[in-house]
Amino acid sequence: MAVVLRLARAGAKKKPVYHLVVADSRSPRDGKFIEAIGSFNPNVEPPKFEVNEERWAYWLSVGAKPSETVGNLKKHANKVAAAET
C-alpha cells in the first residue's frame with residue numbers, strides 16, 4: 001500500500017480550505033484517509049499552513065511520500081518561519 005501526504009479540499013464554493021491528510025494513494029482526493037495532520041488556508045494573507053511536526057516526521061519515517069504540492073508548501077512554510085526568527 002502506497003501512502004501519501006496530500007491535500008483534501010473542504011470549505012465553501014470559491015473559498016477553499018485544505019486539510020493535510022495521510023491517505024492511500026488509490027483513494028479519491030476528498031475520500032477516505034488514514035489521519036489528518038494539518039491544514040492549509042489560502043484565503044488569508046499570508047496563506048496559513050499548519051502541520052503537526054511529530055506526525056509529519058513519523059509518516060515520513062515509515063515511508064509515506066508527500067505530494068509535490070504539499071512538499072512545496074512545507075518548504076515555503078519553513079523558509080517563512082526561518083525568516084521570522
Supply the atom-to-atom distance W59 CH2 to I37 CD1, rounded to the nearest 0.5 angstrom.
9.0 Å
Please lay out, stage by stage, how F40 and K48 fare under the test side-chain contact (heavy atoms from CB on, under 4.5 Å).
CA-CA 6 Å; F40 172 60; K48 187 175 180 182; over 6 Å; no
Donor-acceptor check, side chain of N43 to backbone of P16, threshold 3.5 angstrom: yes or no?
yes
When hydrophobic residues are tied together by side-chain contacts of less than 4.5 Å, even through go-betweens, does Y18 share a cluster with F49?
yes
Ignoring hydrogens, what is the shortest heavy-atom contact between A64 and P66? Give both atom names and the distance.
O-CD, 4.0 Å
Measuring from L5:CG to I34:CD1, what's the distance to the nearest 0.5 Å?
9.5 Å
With a 3.5 Å distance limit and no angle check, can you tell me whether N41 reaches the backbone of V17 through a side-chain donor-acceptor pair?
no
Considering non-hydrogen atoms only, spot the tightest contact between V51 and K74 and give its length.
CG1-NZ, 3.9 Å
V4/S25 under side-chain contact (heavy atoms from CB on, under 4.5 Å): CA gap, chis, key distance, verdict:
CA-CA 6 Å; V4 293; S25 63; 4.1 Å; yes
Take V22 and V3 through the test side-chain contact (heavy atoms from CB on, under 4.5 Å) and record every step on the way to the result.
CA-CA 7 Å; V22 179; V3 177; 3.3 Å; yes
K65 atom NZ: more than 12 heavy-atom contacts under 6.0 Å:
no
Roughly how far, to the nearest 0.5 Å, is CG of L73 from NE2 of H76?
8.5 Å
Give, for atom CG of L20 and atom CZ of F33, the distance between the pair rounded to the nearest 0.5 Å.
10.5 Å
Applying side-chain contact (heavy atoms from CB on, under 4.5 Å), run through L7 and T69 and close with a yes or a no.
CA-CA 8 Å; L7 298 174; T69 302; 4.0 Å; yes
For the pair E68 and R6, find out whether any cationic side-chain nitrogen is under 4.0 Å from an anionic carboxylate oxygen.
no
Mark yes or no for whether S27, through its side chain, and K32, through its backbone, hold a donor-acceptor pair below 3.5 Å.
yes
Which heavy atom of P42 sits nearest to which heavy atom of P47, and what is that distance?
CA-CB, 4.1 Å
